[in-house]
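To start, the structure under review is shown below, and the notes come after it.
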Amino acid sequence: MTIHRATLLVALAAIASPTDTNAQQDIAPPELVKSGESRFGEMRQLTFAGENAEAYWSFDGSRLVYQSTRTPGEGCDQIYIYDPATGEEQLVSTGGGRTTCSYFYPDGNRILYSSTHHFNRACPRPPDFSRGYVWALYPSFDIFATDLDGSNFRQLTSEFGYDAEATFSPAGDRIIFTSIRDGDLDLYSMLPDGSDVKRVTDRLGYDGGAFYSPDGTKIVWRAHYPETDEEREDYLALLADNLIRPSTLDIYVADADGSNVRQLTDNGAANFAPYWHPSGEQIIFSSNMDDPYGRDFELYLINVDGTGLERVTWSEGFDGFPVFHPDGNSLVFGSNRNMSHEGNTNLFLVEWQDSR
């Protein structure tokens, strides 16, 4: 999930890096594509240091926006725009607070992201793991919009409590996001200026990380719905302390208004970071379903009717946050492969083979 999403990398992949050299780029050696990864062609490493996650394409496919912590243990994630053609990147967030969940406007001239900087420019305190593996729901997260140079800054949400995980419909008419404003973690949609907020989901549990389909008519997201009294008690107790336990998540698809819900996974694992194939007929996502210890996350492909599950990656460690280029010919994702040291996670761009 994203709560906040890069926390998953920190806690499960133990991300760390001593340097600040993400401006590099190179052609990755052939061994980066592992045996069994028949969907992958040539792979290219885009970042080389720090903690890097959640890279999303502009709608024209020319640029990426992503979050990065350049010096582990110092500072928090900030938002950067990256040009894969030149390797040039630019800080677009304020440099203060914690940021997450960046996404381009359809016209490519502005971005969305969530930040805590307006409450405190210092990093918020990390979650307390004495209650197990949990994610923090920082109540100071609000959603902002800005031009690509950081100017024309505008706050879109102002309700106190977690507002994050915002993405745009390709039609440019609605933004979908996760909020705790009504006492639970549900999906909401709003107009691009932050008005006309509508609740999309209302089932008790976490709903988050939603994306519109390429034609804007459907959404995909990750969710955990507690079923037993014990699960509900645990969920609500954590929620009261702005925490959530993401050990079990499943992938769901519905119409854009939240109707006609279909569950795609049901395996007891942490299935998260779903994203649409440009055809609108398949979903790619990350899961630890094949690791009995729950530490190894791989990429999987599934049809929108829940059939045809296919494992895509076979690399030890973490593979997650997969995002197709709009033309479907490539995929960007985060991975531990080619680590400079234990736990190092970077962004990779790989040619995608629809036919194998």
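We count residues from 1, following the sequence as given. Values below: every heavy atom of this structure, side chains too, minus hydrogens, waters and symmetry copies.
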Given the rule that I, L, V, M, F, W and Y join up when any side-chain heavy atoms are under 4.5 Å apart, are [X] and [Y] in one cluster?
{"X": "F321", "Y": "L249", "value": "yes"}
{"X": "L46", "Y": "L91", "value": "yes"}
{"X": "L187", "Y": "V304", "value": "no"}
{"X": "F59", "Y": "V92", "value": "yes"}
{"X": "Y206", "Y": "L243", "value": "yes"}

Aromatic contact, F297 with F272 (centres under 6.0 Å):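 Yes, the ring of F297 comes within the 6.0 Å limit of the ring of F272, centre to centre.
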Aromatic centroids of F160 and F119 separated by under 6.0 Å: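 Yes, the ring of F119 comes within the 6.0 Å limit of the ring of F160, centre to centre.
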Plane angle bin for F153 and Y113 - parallel if under 30°, tilted between 30 and 60°, otherwise perpendicular: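 Tilted.
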Mutual orientation of the aromatic rings belonging to Y252 and Y225 [parallel < 30°, tilted 30-60°, perpendicular > 60°]: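 Y252 vs Y225 ring planes: perpendicular.
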Partner of R98 by side-chain contact (heavy atoms from CB on, under 4.5 Å), out of P124, S115, S93, S140: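 Passing option: P124.
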Sole residue of I143, I176, D163 in side-chain contact (heavy atoms from CB on, under 4.5 Å) with M190: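 Among I143, I176, D163, the one meeting side-chain contact (heavy atoms from CB on, under 4.5 Å) with M190 is I143.
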Over 12 non-hydrogen atoms of neighbours within 6.0 angstrom of CD in E316: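 No.
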Residues, nucleotides or ligands: over 12 heavy atoms within 6.0 Å of E233 CD: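 It does not: E233 CD has 12 such atoms or fewer within range.
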Donor-acceptor pair between [X] and [Y] side chains, under 3.5 angstrom:
{"X": "T313", "Y": "E298", "value": "yes"}
{"X": "E88", "Y": "Y82", "value": "no"}
{"X": "T99", "Y": "D77", "value": "no"}
{"X": "Y162", "Y": "R181", "value": "no"}
{"X": "S330", "Y": "E351", "value": "no"}

Residues R337, D319; criterion salt bridge (charged side-chain N to carboxylate O under 4.0 Å, His left out); working and verdict: CA-CA 8 Å; R337 62 187 70 203; D319 290 299; 3.2 Å; yes
Side chains of [X] and [Y]: does their closest heavy-atom pair fall under 4.5 Å?
{"X": "L239", "Y": "L185", "value": "yes"}
{"X": "Q67", "Y": "N52", "value": "no"}
{"X": "R121", "Y": "T116", "value": "no"}
{"X": "F144", "Y": "Q155", "value": "yes"}
{"X": "L156", "Y": "I175", "value": "yes"}
{"X": "V253", "Y": "I219", "value": "no"}
{"X": "L64", "Y": "P84", "value": "yes"}
{"X": "S335", "Y": "F333", "value": "yes"}

Candidate list F211, Y105, F324, F104, test ring-ring contact (aromatic ring centres under 6.0 Å, His included), partner Y56, passing option: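 Exactly one candidate clears the test, F211.
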Stepwise side chain to side chain contact (heavy atoms under 4.5 Å, CB included) test for L112 and T146: CA-CA 7 Å; L112 295 167; T146 180; over 6 Å; no
Residue pair W352, R39: steps toward the side chain to side chain contact (heavy atoms under 4.5 Å, CB included) verdict: CA-CA 6 Å; W352 178 260; R39 290 284 188 177; 3.6 Å; yes
Is a donor on one side and an acceptor on the other found under 3.5 Å between the side chain of [X] and the backbone of [Y]?
{"X": "D296", "Y": "G317", "result": "yes"}
{"X": "R245", "Y": "S247", "result": "no"}
{"X": "S169", "Y": "A171", "result": "yes"}
{"X": "Q90", "Y": "L148", "result": "yes"}
{"X": "E89", "Y": "I81", "result": "no"}

Verdict with reasoning, F48 to N344, per side chain to side chain contact (heavy atoms under 4.5 Å, CB included): CA-CA 9 Å; F48 293 81; N344 178 226; over 6 Å; no
Criterion side chain to side chain donor-acceptor pair (under 3.5 Å) on N303 and E281, from CA distance to verdict: CA-CA 6 Å; N303 295 329; E281 298 175 355; over 6 Å; no
Working to the nearest 0.5 Å, report the span between [atom1] of [X] and [atom2] of [Y].
{"X": "H117", "Y": "F141", "atom1": "NE2", "atom2": "CZ", "value": "11.5 Å"}
{"X": "D186", "Y": "S179", "atom1": "CG", "atom2": "OG", "value": "8.5 Å"}
{"X": "T248", "Y": "D250", "atom1": "OG1", "atom2": "CG", "value": "7.5 Å"}
{"X": "R222", "Y": "T265", "atom1": "CZ", "atom2": "OG1", "value": "12.5 Å"}
{"X": "T217", "Y": "D255", "atom1": "OG1", "atom2": "CG", "value": "7.0 Å"}
{"X": "F40", "Y": "Q353", "atom1": "CZ", "atom2": "CD", "value": "10.0 Å"}

Aromatic Y80 / basic R70 pairing, under 6.0 angstrom, 45° off normal: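 Judged by the rule, R70 and Y80 form a cation-pi pair.
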Contacts of type side chain to side chain contact (heavy atoms under 4.5 Å, CB included), residue A269, not counting sequence neighbours: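 A269 satisfies side chain to side chain contact (heavy atoms under 4.5 Å, CB included) with N267, N271, S287, N288, M289 only.
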D207/D184 under side chain to side chain contact (heavy atoms under 4.5 Å, CB included): CA gap, chis, key distance, verdict: CA-CA 9 Å; D207 295 290; D184 191 19; 5.6 Å; no
Closest non-hydrogen atom pair between E37 and L32, with its separation: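 Result for this residue pair: OE1-O, 4.0 Å.
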Any pair counted as salt bridge (charged side-chain N to carboxylate O under 4.0 Å, His left out), so long as it reaches residues 126-149, sequence neighbours left out: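 Qualifying pairs, neighbours excluded: R110-D147, R131-D241.
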Qualifying salt bridge (charged side-chain N to carboxylate O under 4.0 Å, His left out) pairs, either residue in residues 167-178, two or more places apart: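 Qualifying pairs, neighbours excluded: R174-D196.
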